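One structure below.
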2 protein chains.
Amino acid sequence: MQYRPTSIKLAVRSFLRVYADRAGIQQNQGFFIMPKRKSDTKLQEDGEPASKKKVTAEEGTKVPVEDKKVDNGTSAETNFAPTDKKTPDGRSSNLKVSAWNIAGLRAWMKKGCLSYISKEDADIYILQETKIPSDKVPKEAKVDGYFTYWNDSKEKAGYAGTALYSKEKPINVTFGIGVDKHDKEGRVITAEYEKYYVVGAYIPNSGRGLVRLDYRQEWDADFLTFLKGLDAKKPVIFCGDLNVAHQEIDLKNPKTNKNKTAGFTDQERDGFTKLLNEGFVDSFRHLYPDKKDMYSYWTYMGNCRAKNVGWRLDYFVLSKALVPNLCESTMRSNVMGSDHCPIILELAI
Amino acid sequence: MQYRPTSIKLAVRSFLRVYADRAGIQQNQGFFIMPKRKSDTKLQEDGEPASKKKVTAEEGTKVPVEDKKVDNGTSAETNFAPTDKKTPDGRSSNLKVSAWNIAGLRAWMKKGCLSYISKEDADIYILQETKIPSDKVPKEAKVDGYFTYWNDSKEKAGYAGTALYSKEKPINVTFGIGVDKHDKEGRVITAEYEKYYVVGAYIPNSGRGLVRLDYRQEWDADFLTFLKGLDAKKPVIFCGDLNVAHQEIDLKNPKTNKNKTAGFTDQERDGFTKLLNEGFVDSFRHLYPDKKDMYSYWTYMGNCRAKNVGWRLDYFVLSKALVPNLCESTMRSNVMGSDHCPIILELAI
DNA sequence: CTTGCTACG
DNA sequence: CGTATCAAG
């Protein structure tokens with residue numbers, strides 16, 4: 001049989017799909033990567049292309065991590081109770097916010113993840129990548145005791161999308177950032193409360209081959225303008241999947257991913273730095289300046305989560321004015337249900 | 001929120017997908033079908049469109065059928081041994097052929113259906129709807145003890161496709177029927193043996209809304225020419241998913257499907273009649289002229305298989321010259337693994 | 001690897 | 001209802 005163009009196209013695509021995801025291709029043996037020596041790695045017997053059994057930069061890094069129990073928001077090991085930690089001036093948390101990139105509401109619900117909502121008992125939830133048109137959201141997703149708000153992708157059904165759940169009814173809720181070209185993918189929901197704004201966002205991924213990095217930079221600029229506009233009125237809690245690992249400490253494999261993989265280019269990192277320079281604070285890093293191996297995302301590929309080969313892509317970014325109110329900001333690393341884990345913020349307001 | 005065109009399109013598509021498949025839409029309440037009264041049918045509580053809980057012509061017909069045990073080719077209830085039945089002149093079977101539309105080789109293998117091959121122990125297998133490019137067929141599918149031949153769709157990957165397994169090496173194997181416009185979808189494999197040809201085929205479905213009925217008629221004409229050409233040289237065993245139920249006895253719901261659903265239009269049925277008029281014989285119907293409720297296909301929808309609401313779409317069609325050799329032609333109705341069941345033919349050659 | 005969409009049956 | 005593709009991450 002002849003080599004048909006489709007076969008070649010498929011093979012290349014398959015390679016890219018499996019081996020180029022947040023991985024940073026290692027250069028070795030020309031284009032393909034040789035597998036790390038591994039006791040259970042059998043040699044090829046036949047003529048299959050070497051790509052088949054190769055490993056990514058992520059997979060290749062062995063990280064001795066204590067086995068983590070899996071759960072769907074009901075882990076016995078996760079303490080969902082309000083934190084004991086207090087503000088610097090000794091006040092206890094009275095506001096909990098949770099943000100989770102759920103990678104598809106319908107699949108997430110099938111896994112029983114809705115139980116996370118009651119288990120965590122946060123005052124506000126931000127869900128990203130709901131991947132569902134607003135008019136198709138099942139009513140069970142509109143959990144009792146919460147006002148829920150849904151934003152969706154206007155053109156591509158089943159793409160991106162965000163939701164906001166709030167125990168208290170916000171004074172006002174807006175969708176998007178008021179810039180048409182950025183408001184077609186349902187990426188932002190803003191809820192206004194008496195003393196603050198909560199901005200839940202799913203920041204655009206720069207894509208394979210960084211095809212959308214230019215757009216991302218436009219987004220970052222316009223989004224910063226939006227945030228500063230809010231911050232001029234009331235303090236802001238900005239959270240969600242920001243699709244950037246800020247510093248080398250924020251991902252397992254900085255070397256191999258730097259300026260290669262979406263989420264760890266200088267442009268994206270600088271965008272985040274710029275945000276911090278405008279009076280905002282990365283709450284987790286503020287509390288834990290040197291804490292390593294804390295991630296909120298692990299690619300599904302190559303068993304990266306079990307090996308804790310991850311990225312910190314999800315953040316609570318606070319207006320400086322809110323830093324004195326900060327009790328806790330951390331990751332629910334062992335809550336399963338998506339390639340991201342939920343993150344939580346606790347404030348004394 | 002406004003009704004967006006995509007939502008409407010999706011809703012209509014969803015309706016068609018679930019409720020129009022080999023069903024024959026019943027006219028009632030305007031466009032939608034009211035459910036048959038059913039003890040467990042709850043009334044609508046909310047404003048959902050009535051389509052959601054409707055039943056098809058297939059589903060609405062309750063058929064009291066003894067429960068059938070499910071298996072993957074390893075049923076204790078199915079006797080795979082060579083038949084006791086003999087030819088009219090008393091000769092025993094010494095050739096077994098099996099044909100099965102497997103609806104996707106990869107899924108079929110995952111269900112463990114490869115075990116059917118050894119269990120049935122046929123001399124020749126024809127698989128249809130392999131849905132796999134020939135160069136992606138896993139080597140385990142190329143079962144030991146058989147020569148295997150693979151035909152695939154040249155343009156649409158993962159569509160249609162056929163395979164032929166043979167214990168004995170055929171004198172010659174050809175793909176397609178020698179007409180370019182019909183040979184792009186991998187639908188036909190012909191194996192030549194000393195005394196006969198075996199033609200395995202997956203005849204084109206006329207499609208939802210009969211969009212491909214015209215093409216189907218061109219196919220039927222050209223295919224008949226092809227078969228007659230072979231028959232002029234040696235007797236032919238023609239088998240597979242012929243995508244037609246010939247007479248009313250060949251499907252559960254002839255009334256509701258007649259001239260509405262692909263597989264039971266006058267054009268398709270006449271095509272089959274024409275074939276029989278050219279010196280070919282429907283081996284099953286020849287042996288069992290009045291046997292009802294014998295089907296080889298049941299839509300996955302509405303639990304039709306459990307209710308035996310099916311169609312006889314799979315056939316062994318023989319050159320008249322082979323009728324004296326016929327011992328058995330029947331369906332393996334309780335072999336699971338696809339929306340079709342395997343059919344088998346036993347000859348004394 | 002996983003989700004959701006689409007085409008097709 | 002179910003399989004396989006595709007785009008996206």
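Every chain is numbered from 1 and lettered A, B, ... according to where its sequence line falls, protein lines coming before strand lines. All of these numbers come straight from a predicted model, not from anything done at the bench.
Closest contact between the side chain of Ala107(A) and the listed nucleotides dC1(D), dG9(D), dT3(C) involves dT3(C). Residue Arg106(B) has its side chain nearest to dT5(D) when only dT5(D), dA8(D), dC8(C) are considered. Closest to the side chain of Lys131(B), out of dG9(C), dT3(D), dT5(D), is dT3(D). Picking from dC8(C), dA8(D), dC5(C) the nucleotide with the shortest atom distance to the side chain of Tyr159(A) gives dA8(D). Set against dC5(C), dG9(D), dA8(D), the side chain of Lys156(A) has dA8(D) as its closest nucleotide. Checked against dA4(D), dG2(D), dG4(C), the side chain of Tyr300(B) finds its nearest nucleotide in dG2(D). Nearest to the side-chain atoms of Lys111(A) among the listed nucleotides dG9(D), dT3(C), dT5(D) stands dT3(C).
Between the CE atom of Met109(A) and the P atom of dT3(C) there is a distance of 15 Å, given to the nearest Å. In this structure, Trp108(B) places its CH2 atom 17 Å from C1' of dA4(D), rounding to the nearest Å. What separates OH of Tyr297(B) from C1' of dG2(D) is a distance of 10 Å, to the nearest Å. A straight line from NZ of Lys110(A) to P of dG4(C) spans 7 Å, rounded to a whole angstrom. One atom, CG of Leu313(B), and another, C1' of dC8(C), lie 15 Å apart when rounded to the nearest Å. Atoms CD (Gln128(A)) and C1' (dG9(D)) sit 14 Å apart, rounded to a whole Å. Note: CE (Met301(A)) to P (dT2(C)) measures 10 Å, nearest angstrom. Straight-line distance from the CE atom of Met336(B) to the P atom of dC1(D): 15 Å, rounded to whole Å.
With sequence neighbours excluded, the residues satisfying side-chain hydrogen bond (donor to acceptor under 3.5 Å, both in side chains) with Tyr202(A) are Glu129(A). Residues meeting the salt bridge (charged side-chain N to carboxylate O under 4.0 Å, His left out) test with Arg312(B), sequence neighbours left out: Asp250(B), Asp282(B).
Under the 4.0 Å criterion applied to side-chain N and carboxylate O atoms, Lys154(A) and Asp152(A) are assigned as salt-bridge partners.
Trp298(A) and Trp311(A) have their aromatic ring centers separated by at least 6.0 angstrom.
Thr130(A) is not listed as a side-chain neighbour of Thr162(A), based on a closest heavy-atom distance of 4.5 Å or more.
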